[in-house]
Amino acid sequence: MLITCPYCGPRDVIEFTYQGDGNRERPQPASQDLDAWNAYVYDRLNPAGDHNEIWQHSGGCRAHLRVVRNTLTHEISSVAFARGDHKSVARHKTEGKS
Amino acid sequence: MAEYSAFSLLKNALTGNKDWKPAWRKPDPKASYDVIVIGGGGHGLSTAYYLAKEHGITNVAVLEKGWLGSGNVGRNTTAVRSNYLLPANTRFYEHSMKLWENLSHDLNYNVMFSQRGCLNLAHTPAQLDDFARRGNAMRHLGVDAELMTTAEIARLVPALDVSATARFPIVGGLMQRRAGTARHDAVAWGYARGADRRGVDIIENCEVTGFLRDGDRISGVSTSRGEIRARKVAVAVAGSTGQVMRLAGIDTMPIESHVLQAFVTESLKPFINTVLTFGMGHFYMSQSDKGGLVYGGDLDGYNSYAQRGSLPVVDEVMSEMLALFPGLARVRMLRSWGGVCDMSMDGSPIITIGPLPGMYLNCGWCYGGFKATPASGWCFAWTIAKDEPHDINAPFTLDRFHRGLVIDDKGQGATPRLH
């Protein structure tokens, strides 16, 4: 599997570290909404199809990336910098496909 | 269908083996059942078996999308053990071990359960201390465990590199003698035959496409072979839990699906007579009765529903194997395959009533579902029949995450790929 880092170009997956589901929204640090914290920590969409996830190019430029990858085929449809994107980039809606 | 016995073996041998009957029927689905079990894997079949045997509920259908043995029950590496640290896990897996010890007799089907032991290798004094603690915790609950020295390990597994110059020198290990392996396909076939003989309908090539509702209550399923109604619908679909729950309108679960690869070499003469795990990486190995070395390592590390793995993990597993057994460098790998594991957020399973009325859920087996097969079905059948959990599976609820009652044996936190 190759991931095309916006800085470094296409690199083998072994250079990257998976940081997990990119759909989760972290509550504000001062939030006392336990349901929101529980959902953030434990609940996952886990789609069979396009999955919105965070990877770090830990063996390269070390940037955090937002990657949309198909969990059935491992095809990658988009890679972008993750910095500050929970505001600037629309949340990718994932749909189950089979 | 007749009992299998020495006499039936002899009789059929004398008549040219022409009179053996299929081990289970191929019925068409009825319009309704008392219980529908979705998923004809090890856990679904054992659930149906114990519903019939322990609770007298025989009007049961097991619905399988493919054919029996096509999912995880045919993709695992057959190890059986109960060497856990936390009491909830130890009690559950030890219940399973006790069922394993009598399973061939109970099913009248040889599942080739072999108590050849399971040895966890330690590579640092701290790791050995940790194993001593786990061994003590096990013995407190009546499970066998013993610490082994390097010299004892060298006698037990002569091919292992126990020298001081090994990449990760071995300082000892924790052995559970009663652990071992079983023939995975025989487990599926034995449970299928046992359930079928008690009247359970096992319906293959029947994919569930939706749930039927009566008000807010689940009252059946729609399938590729028509609608089937039931008072109780039990879900035991391992790697497909997320997809099946989405059919019921539940979009998020405390689960991620990951792929785990396994490998087998060409057949060798007897090489290793225990299940062995490596303590410095993620590697485990045993030898099948046919002679192939069966081994595997870590998850690929990212969500996947593909029943195949990636090359970096192949590379890592082979490196770990050679760090332990330099003598295997020229042995050829025969096959590799992948299974989809539903990794829960604390590494422990979920066996529970709900989450919807009329529904029962069995999932979150991570990559350790095979050894749990008997107890999983036994506890799930109890929960379905009595509408309450048995003491043994009471801690394994779906809401334990939100209630702060996680059962995290490895202490990894909510990062499923690390369990």
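All of these numbers come straight from a predicted model, not from anything done at the bench. Letters A, B, ... mirror the listed sequences (proteins, then strands); counts begin at 1.
The heavy-atom pair separating Arg246(B) from Pro47(A) by the smallest distance is NH1-CA, 3.8 Å. For the pair Asp21(A) and Glu256(B), the tightest heavy-atom approach, listed with the atom from each and the gap, is CB-OE2, 4.4 Å. Minimum heavy-atom separation, Ala48(A) to Gln243(B): CB-NE2, 3.4 Å.
Remark: Leu311(B) CG is loosely packed, at most 12 non-hydrogen atoms of other residues, nucleotides or ligands lying under 6.0 Å away. Heavy-atom neighbours of Arg225(B) CZ from other residues, nucleotides or ligands within 6.0 Å: above the threshold of 12.
Taking 4.5 Å as the limit, some side-chain heavy atom of Pro312(B) sits within range of a side-chain heavy atom of Val13(A). Side-chain contact between Tyr302(B) and His51(A) is absent, with no heavy-atom pair separated by less than 4.5 Å. A 4.5 Å side-chain heavy-atom check between Pro416(B) and Arg44(A) finds at least one atom pair inside the cut-off.
Note that NE2 of His74(A) is 6.5 Å distant from CG of Asp300(B), once rounded to the nearest 0.5 Å. To the nearest 0.5 angstrom, Asn38(A) atom CG is 12.0 Å from Arg403(B) atom CZ. Considering CG of Asp35(A) and NE2 of His402(B), their distance stands at 7.5 Å, rounded to 0.5 Å. Atom CG of Asn303(B) and atom CG of Asn70(A) lie 11.5 Å apart (nearest 0.5 Å). The line from OG1 of Thr71(A) to OH of Tyr305(B) is 6.5 Å long, rounded to the nearest 0.5 Å.
Within the 4.5 angstrom heavy-atom criterion, no atom of Ser310(B) approaches chain A. Contact of Val406(B) with chain A is made through the side chain alone, with heavy-atom distances under 4.5 Å. Heavy-atom distances place no part of Trp37(A) under 4.5 Å from chain B, backbone and side chain included.
Chain A forms more heavy-atom pairs under 4.5 Å with one residue of Ser240(B), Pro254(B), Gly413(B), Ser257(B) than with any other, namely Ser257(B). Across Gln19(A), Met1(A), Glu53(A), Arg69(A), the residue that shares the most heavy-atom pairs under 4.5 angstrom with chain B is Arg69(A).
A donor-acceptor pair is defined here as one N or O able to donate and one able to accept, closer than 3.5 Å; such a pair exists between the side chain of Arg417(B) and the backbone of Tyr18(A).
Identified by a heavy-atom distance below 4.5 Å to chain A, the contributing residues of residues 343-356 of chain B are Met345(B), in residue-number order.
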